[in-house]
Each structure stands twice: as structure tokens, then as C-alpha cells.
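All remarks here apply to the structure that follows.
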Amino acid sequence: MRDAYHEELDSIGEGLVEMARLVGSAIGRATTAILDSDLNLAESVIAADEKVDDLQHELEARAIALLARQQPVATDLRIVVTSLRMSADLERSGDLAQHVAKLARLRFPERAIPHDLHATILEMGQLAQRLMAKAAEVIITKDVDLALQLESDDDEMDLLHRTLFQHLLDDKWKHGIETAVDVTLLGRYYERFADHAVSVAKRVVFLVTGEHADEIQPDIQPVTGVEGA
């Protein structure tokens, strides 16, 4: 019975990794869809979000069943409760990728993003995907130092987000109000996606140490450019 219990705990962790990989792929494909005005790709991202939702519901049901049957304590209780919270972060990340794809669909056949912002949006999409890949690695390895790096890595996304606003506030902006709204929303989607990746990593820190990430300092310096994700 105890072996079965720990196998169920492990399966919840595996489900979280699958969710992280799915939403990481989704944000990458959604970015391509909006930059290339690719309607078919956008539709595939929108449809695929149902699998993320189903996984989240399944993990939630498993976790609640474990709480009811096993009444876990100490570390096992942290695993179950933290997994519930991580699944919510990942589900929301999937929604944000879907929002990017829906914006691509809304503006089709036109391109939602002006050419002069193409590089910035591409970089935001690639960074979002790398951050989520690193979050998945953190779930697998339970590496606290790697988890703590994500918050520093997220500073790069905040910088890109500010860059978008600099374009919007520039007197030379010539793309109109509708595009300005689209770009504002898009920047927010990527910024929030990155925040959820950081939140997942912080929850792993709590799972491993029983302490909140803000109370711990990493033993190594953050990796510039989110390498290795």
C-alpha cells in the first residue's frame, strides 16, 4: 500500500512535468502563429489547451483523493498541496498561450504585430519557452539553486516588457490605437506567463525546503540568458 501511495505521488509529479512541457510548447507555437499570421497553427494551439485543462483536472482529482485516503503529513502533505498550486499555475500559463493564439486568429489575415516589434515579440516568446523549460527541469530535479535562478532570469522578460512600452509611448508610433492595444495585451500575456514559471519554481523551493523562496539566497550566480533551459 505504501509503495502504491508513493507511486501515486510520483505520477502527480510526472503530470506536472507534462503540463509544463505542453504549455512551453504552446507559447512557442503561439508566438510563431502571431508573428507569421498562421491561422492553422493558432487554431491548433487553441484546441490543444483542452489537454492541459484535462491534465490539471486529473491531477487535482488525484491530489484530493490522496488527501482524503492517506491524510499525509509533513513532506508528503507539502508535495500534495504544492502540486495542486503548481497545476493551477501551469493551467493559467496554458490559458495565456491560448490568448496569444486567439489574438493571432482575431487579426487574421493581417499580422497583429508591426514589423518593427517583430524581434522583441520573438525574443519574448523564446524567453517564455525557455523559462518554462527550466521550470520543468526544476520539477524533475528539485534543484533549489536552479529554481532560485528563475526570478533573476525573469528580469530579462521585465526588460523586454518595458521595451514594448517605450515603443508605444514613442512620438513616432504610427500603427494606431487598435495595434497599440494588441501589443499592450500581448506584452502582458508574456510577462504573466513568465511570472507563472517563476511561481512554479518557487513552489518547488517550498516543497524541498519548507521555506519560502524569498527567504533563501542561491548559492550560485544566476545564469545570464537562461542558458540550459
Side-chain angles (χ1 to χ4, degrees), residues 10-36 41-42 44-46 48-56 59 82-83 85-101 119-161 186-208 213 218-229:
D10 290 343
S11 73
I12 289 174
E14 291 166 2
L16 290 170
V17 172
E18 184 177 359
M19 285 185 73
R21 288 173 173 165
L22 285 172
V23 300
S25 173
I27 197 68
R29 292 184 295 118
T31 300
T32 300
I34 201 160
L35 291 176
D36 295 349
L41 186 56
S44 74
V45 173
I46 293 166
D49 187 55
E50 184 176 349
K51 183 174 182 181
V52 175
D53 292 342
D54 288 345
L55 267 172
Q56 199 257 342
L59 290 176
T82 303
S83 295
R85 292 172 176 170
M86 284 194 285
S87 72
D89 277 316
L90 294 168
E91 188 274 336
R92 183 58 184 144
S93 299
D95 288 345
L96 291 164
Q98 187 184 58
H99 291 340
V100 174
T120 302
I121 295 300
L122 177 61
E123 192 172 355
M124 292 181 85
Q126 291 175 340
L127 178 58
Q129 192 168 7
R130 294 198 304 271
L131 284 167
M132 191 56 74
K134 182 176 271 190
E137 185 179 354
V138 166
I139 296 171
I140 294 168
T141 64
K142 306 295 189 296
D143 186 327
V144 170
D145 286 322
L146 186 63
L148 292 170
Q149 285 178 20
L150 261 80
E151 191 160 16
S152 295
D153 295 337
D154 181 49
D155 291 344
E156 188 178 344
M157 183 67 80
D158 294 336
L159 178 60
L160 290 167
H161 195 204
L186 197 60
R188 182 61 174 162
Y189 297 153
Y190 285 117
E191 188 259 345
R192 288 297 298 141
F193 187 99
D195 286 347
H196 283 295
V198 172
S199 179
V200 167
K202 285 183 173 182
R203 296 191 195 285
V204 173
V205 172
F206 178 72
L207 187 157
V208 173
D219 292 333
I220 56 178
Q221 293 298 313
V223 179
T224 304
V226 203
E227 294 176 5

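Please read all numbers here as calculations on a predicted model, not as lab measurements. FYI, the numbering just counts along the sequence from 1.
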Applying side-chain hydrogen bond (donor to acceptor under 3.5 Å, both in side chains), name anything that partners S83, two or more places apart in sequence or on another chain.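 Listed in chain order: nothing, the list is empty.
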Could you work out, with side-chain hydrogen bond (donor to acceptor under 3.5 Å, both in side chains) as the rule, every residue matching S25, not counting sequence neighbours?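 Residues passing side-chain hydrogen bond (donor to acceptor under 3.5 Å, both in side chains) with S25: R29.
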Y189: which residues meet the ring-ring contact (aromatic ring centres under 6.0 Å, His included) condition with it, sequence neighbours left out?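 For Y189 the ring-ring contact (aromatic ring centres under 6.0 Å, His included) partners, ignoring immediate neighbours, are H99.
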Rounded to the nearest 0.5 Å, how far apart are [atom1] of [X] and [atom2] of [Y]?
X   : Y    : atom1 : atom2 : result
I34 : L122 : CD1   : CG    : 12.5 Å
R21 : I139 : CZ    : CD1   : 9.5 Å
D36 : T31  : CG    : OG1   : 10.5 Å
L16 : L55  : CG    : CG    : 9.5 Å
L59 : S87  : CG    : OG    : 6.0 Å
I12 : M86  : CD1   : CE    : 10.0 Å

Minimum heavy-atom distance [X]-[Y], with the two atoms named:
X    : Y    : result
A30  : A101 : CB-N, 4.0 Å
A201 : V138 : CA-CG1, 4.3 Å
S93  : M132 : OG-CE, 3.5 Å

Which residues pass the side-chain contact (heavy atoms from CB on, under 4.5 Å) test with [X], not counting sequence neighbours?
X    : value
D143 : T141, D145, L146
D10  : none
E191 : D158, H161, R188, D195
A128 : I27, M157, Y190, F193

Residues, nucleotides or ligands: over 12 heavy atoms within 6.0 Å of R192 CZ: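 It does: R192 CZ has more than 12 such atoms within range.
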Side chains of [X] and [Y], heavy atoms from C-beta outward: is any pair under 4.5 Å?
X    : Y    : answer
L90  : V52  : no
E156 : E123 : yes
L148 : V205 : yes
V23  : H196 : no

Test of understanding: with salt bridge (Lys or Arg N to Asp or Glu O under 4.0 Å), list the residues that count as partners of K51, not counting sequence neighbours.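 Applying salt bridge (Lys or Arg N to Asp or Glu O under 4.0 Å) to K51 gives E18.
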Identify, with sequence neighbours excluded, every residue that meets salt bridge (Lys or Arg N to Asp or Glu O under 4.0 Å) alongside E151.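 K202.
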Working note: L150 + K134, criterion side-chain contact (heavy atoms from CB on, under 4.5 Å); need CA distance, chi angles, decisive distance, verdict. CA-CA 8 Å; L150 261 80; K134 182 176 271 190; 2.8 Å; yes
Would you say Q98's side chain and I46's backbone share a donor-acceptor pair under 3.5 angstrom?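 Flag set: sc Q98 to bb I46 pair under 3.5 Å.
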